Amino acid sequence: MLLQWILRPCPVFVLALCVLALCVSASEDFDWTKNQRGSFFYGTFPTGFSWGAGSSAYQTEGAWDKDGKGMSIWDVFSHQKGKIFLNDTADHSCEGYYKFKEDIALMKDMKFNHYRFSISWPRILPNGIKNDHINEKGIKYYDNLINTLLDNNITPIVTLYHWDLPQVLEEKYGGWQNVSMVNYFNDFANLCFERFGNRVKYWITFNNPWSSAVEGYETGEHAPGLKLRGTGAYKAAHHMIKAHAKVWHTYDTQWRSKQRGMVGISLSADWGEPVDVTNQRDIEAAERYVQFYLGWFATPVFNGDYPQVMKDYIGRKSAQQGLGTSRLPVFSTQEKSYIKGTCDFLGIGHFTTRYVTQKNYPPGRGSSYFTDRDLAELVDPRWPDPGSEWLYSVPWGFRRMLNFVRSQYGNPMIYVTENGVSEKMRGCTDLCDDWRMQYFKEYINEMLKAVKDGVNVKGYTAWSLLDKFEWDEGYSERFGLYYVDFRNKNKPRYPKASVQYYKRIISSNGFPNQREVESWKRKATETCSSSNQLLAAARRKSQQENKEQAGMPKVWPVHDEV
Ligand code: NOJ
C-alpha cells in the first residue's frame with residue numbers, strides 16, 4: 001500500500017509500506033473484525049434520531065461591526081494582511097445576521113430536527129465582560145433566531161464558544177493564556193442561560209478547543225496568531241477545560257432544575273489507525289495520536305485528569321529539556337474532582353483519519369505539541385480528497401472513532417456536531433456535488449453501523465448548512481449543502497445536489513433498502529443541473545449590472561469563471 005507522510009516539520013514524501021489487512025483489537029471490548037471496510041449496511045436509525053446541520057457565528061453572520069457588536073480576535077486577525085487566503089475577512093460572509101429567516105426556511109424544507117449555531121460573545125458583551133455592558137441588540141438577534149427556529153419545530157443546539165473571543169480580553173489579559181478567562185467565560189455563559197435557557201436545552205461550551213489551543217496559541221495559523229510552541233496550547237487548553245467545568249457547574253446548580261437542559265462540549269476527533277496493526281509500537285503511536293487529540297479534553301471531563309500517556313510523554317520530555325516542571329499543567333486534587341463528570345453529552349466533530357506510526361523526536365530540538373507525541377501521520381493517496389488539503393474521505397475511521405468513545409468514556413450520549421466535506425473551487429462552479437453525496441452516504445452509514453454496535457449516538461449534524469468563511473482558508477474551501485454566491489452582495493443561496501440527497505436520508509431516517517438508496521443519487525443530480533443554470537444566469541446578470549454601473553459596454557462572458 002502506498003502511503004503519504006504528512007509530517008509537519010518535514011516535507012511531504014511518499015513511502016511504500018506494507019500494511020496487513022488483518023484487523024486486530026487495540027481495546028479489549030471492541031471487535032475490529034466486525035468493522036468490514038467497504039460493506040454497506042441497509043437499515044434505519046432509532047426513532048427520534050435527530051438530523052440537522054450547523055454553522056458558527058464568525059463564519060456566517062457577517063454584520064461584524066453592526067448594532068453595537070464588539071471586535072473578536074477573528075475580526076482583528078483577519079484584517080491583518082497575510083493571515084487569510086486572499087486576505088479575505090468574514091465582515092459580510094453569508095450575511096446570516098440579516099438572512100436567518102430565509103435560512104430557517106431552507107432547514108424547514110429539509111425537515112431538520114435541529115440546527116447548531118454559535119453565539120458571538122462580543123455581539124452580546126462587546127468588551128467581553130458582563131459587568132461592563134450588555135448589548136441588548138445582540139441579545140435580540142439571538143432571541144429572534146431561537147424563536148423562529150422553535151416556531152418551525154427545529155431544536156436549537158447552541159455553542160457558546162466557537163473561537164471568537166472578545167478582542168478586549170485578548171489585549172488586556174492575553175486571552176486563553178490567562179486563567180481569568182474562566183470567570184469571564186462563566187459570566188457570559190450564565191447570561192446566556194439567563195436570557196435564552198428557557199428555550200435552549202442543548203448547550204455546548206466549547207467547539208473544538210483543540211483547534212483554538214493548537215492553532216491559536218501554538219502554530220499561530222488561527223487567531224490570535226500566537227506561536228508559543230510547546231507551552232501555549234497546553235496552557236490555553238488547561239484554562240478552557242476549567243472554564244468548561246465551571247460553566248457546567250453553574251448550569252447544574254443554578255439552572256438545571258428550572259430549565260431541564262444539558263451541557264456538553266464538542267470535541268474534534270479524527271481517527272488514528274496504526275500503519276501496521278501487528279506492530280505494537282504503531283498500535284501505541286496510534287493510540288497516542290487519539291489521546292493527544294480527543295483524549296486531551298475528553299479524559300478530564302469524563303475522568304478528571306489528562307490521559308496518562310500525555311502526562312508521561314510531556315513530563316519526560318520537559319525533564320530532558322531541563323525544566324523543573326512539566327510543560328503540561330497539572331490539575332489539583334480538588335480540581336480533578338470538580339472537572340470529572342462535567343459532560344451531559346459529548347459533541348463529536350469528525351472529518352477524517354490518519355495512519356500513524358512511531359517516530360522519535362529528540363527533546364533537544366525545541367519543543368512543540370507535535371513533537372511531544374513522537375509519531376508520524378500518513379495518508380493513503382488513494383483516499384479521495386476533493387477539498388481541504390487535510391480532509392481525506394475514510395468512512396471506516398468514523399465507526400472506529402465512535403466505538404473508541406463508547407469504550408473509553410463509558411458509552412456517553414453523543415451528538416455528532418460536525419461531519420462533512422469541502423470542495424475547492426477549481427474551474428467552473430458545480431452544484432452537482434457527487435463526492436459530497438458519496439461522503440455523506442458512507443460516513444452516515446458507518447455511524448449507523450456504530451449505532452448497531454451499541455454506540456449511543458443521538459443525532460447527526462452535517463457540516464455545514466452554507467458555504468462560509470473557512471478560517472485561514474478564507475472562502476476557498478466550501479463545506480456547504482448550499483452554495484453561497486459571495487460575489488453577489490445579496491449572498492444568494494443555491495442548493496447543491498447533496499441537499500436532495502441528505503433530505504432523503506432524513507426522510508427515510510437512514511438507508512431503507514438497496515433499490516431505493518441506489519436511486520437517490522440519480523434523482524438528486526436531476527435537479528442540480530437546473531440550479532447550475534440558474535446560478536450561471538444570475539452570475540451573468542450581476543456581472544452585467546456591475547459593468548453597466550461602471551459605464552462599460554454590454555458584452556456577455558464566453559464562459560463563467562469563478
Ligand atoms: C471544525 C471547525 O469547528 C469548523 O468551524 C470548520 O469549518 C470545520 N472544522 C472544517 O474545517
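No experiment lies behind these values; they were computed from the predicted model shown. In what follows, every heavy atom counts, from backbone to side chain, and hydrogens, waters and symmetry copies are set aside.
Taking the charged nitrogens against the carboxylate oxygens, Glu470 and Arg478 have no contact shorter than 4.0 Å, which rules out a salt bridge. In this structure, Glu423 pairs ionically with Lys496, as a charged nitrogen and a carboxylate oxygen lie closer than 4.0 Å. With respect to the salt-bridge test (charged N to carboxylate O, under 4.0 angstrom), the residues Arg399 and Asp453 qualify. For Asp270 and Arg354, the salt-bridge test fails: no basic side-chain N is under 4.0 Å from an acidic carboxylate O. Under 4.0 Å is where a charged nitrogen must lie from a carboxylate oxygen, and between Asp305 and Lys311 at least one such pair does. In this structure, Glu526 pairs ionically with Arg522, as a charged nitrogen and a carboxylate oxygen lie closer than 4.0 Å. Under a 4.0 Å N-O distance rule, the pair Asp276/Arg281 does not qualify as a salt bridge.
Without hydrogens or angle criteria, Asn419 side chain to Ala462 main chain gives no donor-acceptor distance under 3.5 Å. Listed for the Gln500 side chain is no donor-acceptor partner under 3.5 Å among the backbone atoms of Lys523. At least one donor-acceptor pair closer than 3.5 Å links the side chain of Asn113 to the backbone N or O of Trp51. In this structure a side-chain-to-backbone donor-acceptor pair under 3.5 Å is present from Tyr502 to Gly52. In this structure a side-chain-to-backbone donor-acceptor pair under 3.5 Å is present from Ser464 to Leu466. Ser393 contributes no side-chain N or O that, together with a main-chain N or O of Tyr439, makes up a donor-acceptor pair within less than 3.5 Å. A distance-only check finds a donor-acceptor pair linking the side chain of Ser93 to the backbone of Gln59 [under 3.5 Å]. Side-chain atoms of Asp467 come within 3.5 Å of backbone N or O of Gly480 as a donor-acceptor pair. The closest donor-acceptor contact from the side chain of Ser519 to the backbone of Glu516 lies under 3.5 Å. Checked by atom type and distance alone, the side chain of Thr461 pairs as donor or acceptor with a backbone atom of Val416 at under 3.5 Å.
Between Lys468 and the options Tyr482, Phe479, Tyr475, a side-chain contact (heavy atoms from CB on, under 4.5 Å) holds for only Phe479. A side-chain contact (heavy atoms from CB on, under 4.5 Å) with Pro395 is found for exactly one of Lys441, Glu446, Gln438, Lys449, namely Glu446.
Checked against the 6.0 Å centroid threshold, Tyr251 and Trp248 do not count as a close aromatic pair. You'll find the ring centres of Trp210 and Tyr293 inside the 6.0 Å limit. Tyr58 and Trp121 have their aromatic ring centers separated by at least 6.0 angstrom. Centroid-to-centroid, the aromatic rings of Phe185 and Phe206 come within less than 6.0 Å. Aromatic pair Phe100/Phe117: centroids not less than 6.0 angstrom apart. Annotation: Phe440 is not in aromatic contact with Trp520 [ring centroid separation under 6.0 Å not met]. Taking the six-membered ring for Trp, Tyr217 and Tyr234 have ring centres at least 6.0 Å apart. Between Phe511 and Phe41, the distance separating the two ring centers is not shorter than 6.0 angstrom. The six-membered or imidazole ring of Tyr443 lies near that of Phe398, with a centre-to-centre distance under 6.0 Å. Ring centroids of Trp74 and His222 are separated by less than 6.0 Å, placing the two rings close together. Separation of the Trp383 and Tyr355 ring centroids falls under the 6.0 Å cut-off.
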*Please report the C-alpha distance between Gln280 and Ile283 in whole Å, then the side-chain angles of each, then the deciding distance to 0.1 Å, and finally whether the side-chain contact (heavy atoms from CB on, under 4.5 Å) criterion is met.*
CA-CA 5 Å; Gln280 189 56 28; Ile283 293 173; 4.0 Å; yes
_Is there a side-chain contact (heavy atoms from CB on, under 4.5 Å) between Val263 and Thr205? Walk through the geometry before answering._
CA-CA 7 Å; Val263 177; Thr205 53; 3.7 Å; yes
*From CA spacing to verdict: side-chain hydrogen bond (donor to acceptor under 3.5 Å, both in side chains), Asn207, Thr159*: CA-CA 7 Å; Asn207 171 72; Thr159 308; 5.6 Å; no
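Phe331 places a side-chain heavy atom less than 4.5 Å from the side chain of Ile339. Using a 4.5 Å heavy-atom threshold, the side chains of Ile73 and Trp176 count as separate. Between Ser55 and Leu465 the shortest side-chain heavy-atom distance does not fall below 4.5 Å. Residues Asn152 and Met107 fail the side-chain proximity criterion, which asks for heavy atoms closer than 4.5 Å. Residues Ile104 and Leu145 are in side-chain contact: their nearest non-hydrogen atoms beyond the backbone lie under 4.5 Å apart. Taking the side chain as every heavy atom from C-beta outward, Val499 and Leu481 approach each other to under 4.5 Å. Side-chain atoms of Val455 and Val405, non-hydrogen and from C-beta on, never get closer than 4.5 Å to each other. Residues Ser118 and Val158 form no side-chain contact, since every pair of their non-hydrogen atoms from C-beta on lies 4.5 Å or further apart.
Residues Arg288 and Gln358 bring a donor and an acceptor atom of their side chains to less than 3.5 Å of each other.
Taking the six-membered ring where the residue is Trp, Trp471 and Trp163 present tilted rings, their angle falling between 30° and 60°.
Within a 6.0 Å radius of NZ in Lys336, more than 12 heavy atoms belonging to other residues, nucleotides or ligands are found. At most 12 non-hydrogen atoms from other residues, nucleotides or ligands lie less than 6.0 angstrom from NZ of Lys111. Remark: Lys235 NZ is loosely packed, at most 12 non-hydrogen atoms of other residues, nucleotides or ligands lying under 6.0 Å away. Heavy atoms from other residues, nucleotides or ligands lying under 6.0 Å from OH of Tyr494 number more than 12.
Contact between Pro300 and Tyr306 at its shortest, heavy atoms only, is CG-CD2, 3.9 Å.
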